[in-house]
Amino acid sequence: MELRDLPSVDELARVSSDPLAVAAARSVIDRAREQIRAGRDPGDLGAAFASELASARRPAFRRVLNATGVIVHTNLGRAPLAAAALDRIAETARGYSNLEYDLAAGERGSRQDHVAGIFGRLTDAESAIVVNNNAGAMLLALAALAEGREVLVSRGELIEIGDGFRIPDVLARSGATLVEVGTTNRTRAADYEQSARPETALVLRVHQSNFRVVGFTELPPLEEVVAAARAHDIPLLDDLGSGALLDVFDEPTVRASLAAGADLVCFSGDKLLGGPQAGIVAGRADLVEKLRRHPLHRALRIDKLSLAALEGTLQLYLDPARAMREIPVLRMMHADAASVRARAARLAAATGGEVEETVSRVGGGALPLAELPSFACAIEESLAGPLRAHDPPVVGIVRDGRLLLDCRTLADDELDEVAAAVSEARCH
Ligand SMILES: *Cc1c(COP(=O)(O)O)cnc(C)c1O
């Protein structure tokens, strides 16, 4: 092809008034011009135009097939939702809802009223409030309970969660003053007692989500910190991070933390709970009420889609066996290795790959040391890029010169899609 053979933008876009089509035609022709100048064949311009236009029309934010084996993958959207939760979103968001309307009284209500009751049933919490995420929950709790006063935190718990989110920074933004107690590796209940003063507003415990200190270490059991805080009449907030509602491995549960005497606990909705992005603060009603009335509550409030999904997820927990079956995060965590291996074998047979033993992770800052035995389908490393460019994209893990598609985070009904993506990626 010569430069003079190139079609005009209008010819390629078929005299379209669609600005996306015109832009796609222009970029295909520009690229072809450079290729011709470089002495290369620009290929089928019609096909290039069709694929350019298709990708311009495709949403930027879309579904991805997670073959990384990391169950709560923050970059891939954390917890996939249960079908029941999705149904609640569709039903309440399609039309109007009683989001902030008290149907019995016929007057204004609070969006917080919809889930406070079910949290009470699931955790024995007196009251609860739900905001946008757990970082927001912490900020709100610290601002409402400790602004202008002091908060005691163990040096071993002044952590960075990820993406630069650091506990001391959030604390500073809340207007409270951090008082460090103990040392990085060892903190005792007596350290809290020694630092308690009339200016102390709160004791904050933070779950060491994404790391562990090993060796010469000491962290007092929650009961001892509670006793120290109570001796000085200081409330205790326990940031559980993930916040399990059921016993999963050795993660602390919300119920256990409240039973041990925490006045408030806060945790995420989209980590081990397996629901939508949300931050929940549960515990003493008088303290929760202070959070509700604080001006930051309005800025951090949960939106109605998340609230619907959260209630749909919590309802599944009323029957723990059903929660284990239907909440994807719990189902993937508890899937036995044999069923994961069977999926890997199916995928290997469909793609000509090999079954490879590997380990999955819970992710999301929960259980950093827990390794879940898993199986992957191993294929050639060169497919990693083409699979990410596929629609839907497939994201795996590159290891030792091969691409591993971990089957713990792939559902049965996603295997055919992955196999089709692999064969298309090999054609390019
Ligand atoms: C993840 C985490 C947070 C932040 O939760 P988001 O819901 O991501 O805002 C806060 N504290 C701890 C201990 C965590 O693990």
Side-chain angles (χ1 to χ4, degrees), residues 70-81 115 119 128-143 145-146 151 153-174 176 178 187 202-213 219 222 225 236-245 248-254 256-257 262 264-283 291 296-297 299-303 305-307 309-310 313-314 329 333 361-370:
V70 179
I71 296 174
V72 180
H73 197 306
T74 296
N75 303 149
L76 301 182
R78 288 201 180 156
L81 294 177
V115 288
F119 271 119
I129 179 172
V130 182
V131 292
N132 179 61
N133 61 3
N134 193 26
M138 280 192 75
L139 180 65
L140 176 60
L142 291 167
L145 305 177
V151 177
V153 190
S154 160
R155 288 196 168 87
E157 295 173 357
L158 290 171
I159 62 175
E160 173 170 325
I161 311 290
D163 200 23
F165 171 63
R166 294 178 163 178
I167 299 294
D169 296 341
V170 179
L171 215 145
R173 292 283 161 179
S174 73
L178 169 65
T187 297
L202 193 69
V203 170
L204 173 65
R205 283 239 320 180
V206 185
H207 182 43
Q208 288 180 337
S209 302
N210 44 11
F211 75 106
R212 292 291 180 267
V213 180
L219 267 184
L222 180 56
V225 187
L236 183 143
L237 166 63
D238 193 10
D239 174 15
L240 293 173
S242 219
L245 292 182
V248 272
F249 304 112
D250 58 355
E251 274 294 302
T253 64
V254 175
S257 175
L264 288 177
V265 298
C266 64
F267 52 100
S268 292
D270 55 354
K271 292 183 178 173
L272 286 183
L273 196 147
Q277 180 184 307
I280 299 108
V281 186
L291 272 59
L296 266 182
H297 173 210
L300 296 168
R301 73 181 184 184
I302 187 162
D303 86 292
L305 306 188
S306 307
L307 192 63
L310 184 61
T313 306
L314 294 176
V329 165
M333 278 178 71
R361 302 212 170 259
V362 175
L367 301 155
L369 304 185

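Atoms within each ligand, like the ligands themselves, are counted from 1 in listed order. Treat the numbers as computed from the prediction; the structure is a model and nothing was measured.
Taking CG of Leu140 as the start and CG of Leu145 as the end, the distance is 8.0 Å to the nearest 0.5 Å.
Considering backbone and side-chain N/O atoms, Ser268 comes within less than 3.5 Å of an N/O atom of ligand 1. Note: an N/O pair closer than 3.5 Å links Asn134 and ligand 1 by distance alone. The N/O atoms of Asp270, backbone and side chain alike, include none that comes under 3.5 Å of an N/O atom in ligand 1.
In this structure, of Arg78, Arg205, Lys271, the residue bringing a heavy atom nearest to atom 1 (C) of ligand 1 is Lys271.
Using a 4.5 Å cut-off on side-chain heavy atoms (C-beta onward), His207 and Asp239 make no contact. Within the 4.5 Å cutoff, no side-chain heavy atoms of Ile280 are placed close to those of Val254. A heavy-atom distance below 4.5 Å is found between the side chains of Leu273 and Leu310.
Heavy-atom proximity to Ala135, at under 4.0 Å, picks out these atoms of ligand 1: 4 (C), 5 (O), 6 (P), 9 (O). Those atoms of ligand 1 with a heavy atom of His207 less than 4.0 angstrom away are 13 (C). Near Gly241, the atoms of ligand 1 lying under 4.0 angstrom from a non-hydrogen atom of the residue are 12 (C), 13 (C), 14 (C), 15 (O).
Under the 3.5 Å distance criterion, the side-chain polar atoms of Ser242 are left unmatched by any main-chain donor or acceptor of Ala244.
Residue Arg155 places its CZ atom among more than 12 non-hydrogen atoms of other residues, nucleotides or ligands, all under 6.0 Å distant.
Between Phe267 and ligand 1 there is no heavy-atom distance shorter than 4.0 Å.
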